[in-house]
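Structure first, commentary second.
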Amino acid sequence: MVKVFPLRDTYAEKFKDMFMVYYLELGCEENGAHLAEEYVIPDMLAGLLRVDIIEEDGNICGFCIYQTDSKENEWNFKEGFGDIREIYIESDCRKKGLGKFILYTAEMKLKESGVKEIYTLADGDAAGFFAACGYELTSEECEELDCNVYLKTASACGCSCK
């Protein structure tokens, strides 16, 4: 059985471990566990972003970090848009549809909160994943992160993931 739920204290250490592996896979030199503890979790507790965890058959195997961009957030690239900031599935759990499942859940929550358009900043393998889930490459770029902007309208969210 697959479940998606908001990050809770009981899973904070597992989340930090996964975030560290995620950052290593991205080739980032920063300490992912430290970033999760010092920035991600406090921002989640302050209501600035959401962190959902995905569990398959009792095994925590991934996360999705997302928000509605607003002036209150330090990261506010597209005011009023939903932002899929980070998505990660542990390597041995990939290619089972879990990434699409947690993404779809985040999209539905953003749509329920009134968001009309959702974007993500993606390149490489992530770009292919988001394109397969109905996100379209725009002509816009995020120069700060050197990433392409992929956009999806909330009306397209749902079962469009292939």
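All residue numbers refer to positions in the sequence shown, counting from 1. Everything numeric in this text was worked out from a predicted model, so none of it was measured. What you see below is based on every heavy atom in this structure, not just the backbone, and it leaves out hydrogens, waters and symmetry mates.
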Exercise for the section: Identify whether Leu49 and Tyr23 are in the same connected component of the hydrophobic contact network (ILVMFWY, side-chain heavy atoms under 4.5 Å). Expected result: yes
Practice task
Please name the pair of heavy atoms, one in Cys61 and one in Leu98, separated by the smallest distance, quoted to 0.1 Å.
Solution key: SG-CD1, 3.8 Å
Exercise for the section: Go through the steps for Phe63 and Glu90 under the test side chain to side chain contact (heavy atoms under 4.5 Å, CB included), then give the verdict. Expected result: CA-CA 9 Å; Phe63 62 83; Glu90 291 183 331; over 6 Å; no
Exercise for the section: Could you give me the CA-CA distance, side-chain angles and deciding distance for Lys14 and Met18, then say whether side chain to side chain contact (heavy atoms under 4.5 Å, CB included) is met? Expected result: CA-CA 6 Å; Lys14 175 67 174 172; Met18 285 189 300; 4.1 Å; yes
Completion exercise
When every non-hydrogen atom of Ile84 is compared with those of Cys64, the smallest separation belongs to CG2-SG, 4.1 Å
Problem - Derivation and outcome, side chain to side chain contact (heavy atoms under 4.5 Å, CB included), residues Val40 and Glu86 - result: CA-CA 11 Å; Val40 177; Glu86 319 284 347; over 6 Å; no
Completion exercise
The reported gap from CG in Asp83 to OG1 in Thr120 (rounded to nearest 0.5 angstrom) is 6.5 Å
Handout entry: side chain to side chain contact (heavy atoms under 4.5 Å, CB included) involving Asp17 - partner list, sequence neighbours excluded
Key = none
Problem - Heavy atoms of other groups near Asp125 CG, more than 12 under 6.0 Å - result: no
Practice task
Please answer whether the main-chain N or O of Cys133 pairs with a side-chain N or O of Lys152 as donor and acceptor at a distance below 3.5 Å.
Solution key: yes
Handout entry: Transitive ILVMFWY side-chain link Tyr22 to Leu7, under 4.5 Å
Key = yes
Practice task
Just say parallel, tilted or perpendicular for the rings of Phe15 and Phe19, cut-offs at 30° and 60°.
Solution key: tilted
Problem - Single-linkage hydrophobic cluster, 4.5 Å side-chain cutoff, Leu48 and Val51 together - result: no
Handout entry: Side chains of Cys93 and Ile54 in contact at under 4.5 Å (non-hydrogen atoms)
Key = no
Problem - Residues forming a side chain to side chain donor-acceptor pair (under 3.5 Å) with Lys16, sequence neighbours excluded - result: Glu13, Glu37
Exercise for the section: List the steps and the verdict of side chain to side chain contact (heavy atoms under 4.5 Å, CB included) for Tyr104 and Val4. Expected result: CA-CA 10 Å; Tyr104 174 74; Val4 173; over 6 Å; no
Problem - Spacing of CD1 belonging to Ile53 relative to CD1 belonging to Ile60, to within rounding of 0.5 Å - result: 6.5 Å
Practice task
Report whether Leu151 and Leu137 are members of the same hydrophobic cluster (ILVMFWY, side-chain heavy atoms less than 4.5 Å apart, transitive linking).
Solution key: no
Handout entry: Heavy-atom closest contact (Leu145 atom, Leu121 atom, distance)
Key = CD1-CD1, 3.7 Å
Problem - Residue list, ring pair (Phe, Tyr, Trp, His ring centres under 6.0 Å) with Tyr66, at least two apart or on another chain - result: none
Exercise for the section: With sequence neighbours left out, write down each residue that passes ring pair (Phe, Tyr, Trp, His ring centres under 6.0 Å) with Phe129, or none if nothing qualifies. Expected result: none
Practice task
Please indicate whether Glu136 has more than 12 foreign heavy atoms, meaning atoms of other residues, nucleotides or ligands, lying under 6.0 Å from its CD.
Solution key: no
Exercise for the section: Examine distances only and state if a side-chain atom of Asn73 and a backbone atom of Thr68 form a donor-acceptor pair shorter than 3.5 Å. Expected result: yes
Handout entry: Interatomic spacing from CG in Leu103 to CD1 in Ile118 - rounded to 0.5 Å
Key = 8.0 Å
Problem - Heavy-atom check, side chain of Tyr119 versus side chain of Glu140, under 4.5 Å - result: no
Completion exercise
Interatomic distance, CD1@Ile89 vs NZ@Lys95, rounded to 0.5 Å, equals 12.0 Å
Exercise for the section: Answer yes or no: is there a side-chain heavy-atom contact under 4.5 Å between Trp75 and Gln67? Expected result: yes
Exercise for the section: Using a strict 4.0 Å threshold on nitrogen-to-oxygen distance, state whether Lys78 and Glu117 make a salt bridge. Expected result: no
Exercise for the section: Verify the neighbour count for atom CD of Glu79: are there more than 12 heavy atoms of other residues, nucleotides or ligands below 6.0 Å? Expected result: yes
Handout entry: From OG1 (Thr153) to NZ (Lys116), nearest 0.5 Å
Key = 11.0 Å
Practice task
Return the orientation label for the His34 and Tyr39 ring planes: parallel under 30°, perpendicular over 60°, tilted otherwise.
Solution key: perpendicular
Fill in the blank from the handout: Minimal heavy-atom distance between Cys147 and Ala122, with the atoms involved, is CB-N, 4.2 Å
Practice task
Write down the atom of Ile41, the atom of Ala12, and the distance for their closest heavy-atom approach.
Solution key: CD1-CB, 4.4 Å
Exercise for the section: Look at the side-chain heavy atoms of Ile, Leu, Val, Met, Phe, Trp and Tyr, link any pair under 4.5 Å apart, and say whether Phe77 and Leu110 land in one connected group. Expected result: no
Exercise for the section: Could you go through the salt bridge (Lys or Arg N to Asp or Glu O under 4.0 Å) check for Arg50 and Glu112 one step at a time? Expected result: CA-CA 14 Å; Arg50 300 177 196 176; Glu112 288 170 357; over 6 Å; no
Exercise for the section: May I ask you to check whether Tyr135 and Tyr150 place their ring centers less than 6.0 Å from one another? Expected result: no
Fill in the blank from the handout: To the nearest 0.5 Å, atom CG of Asp43 lies from atom CD of Glu72 at 12.5 Å
Practice task
Please name all residues satisfying side chain to side chain donor-acceptor pair (under 3.5 Å) with Asp123, sequence neighbours left out, ordered by chain then number.
Solution key: Asn148
Handout entry: ring pair (Phe, Tyr, Trp, His ring centres under 6.0 Å) partners for Tyr11, two or more places apart
Key = Phe5
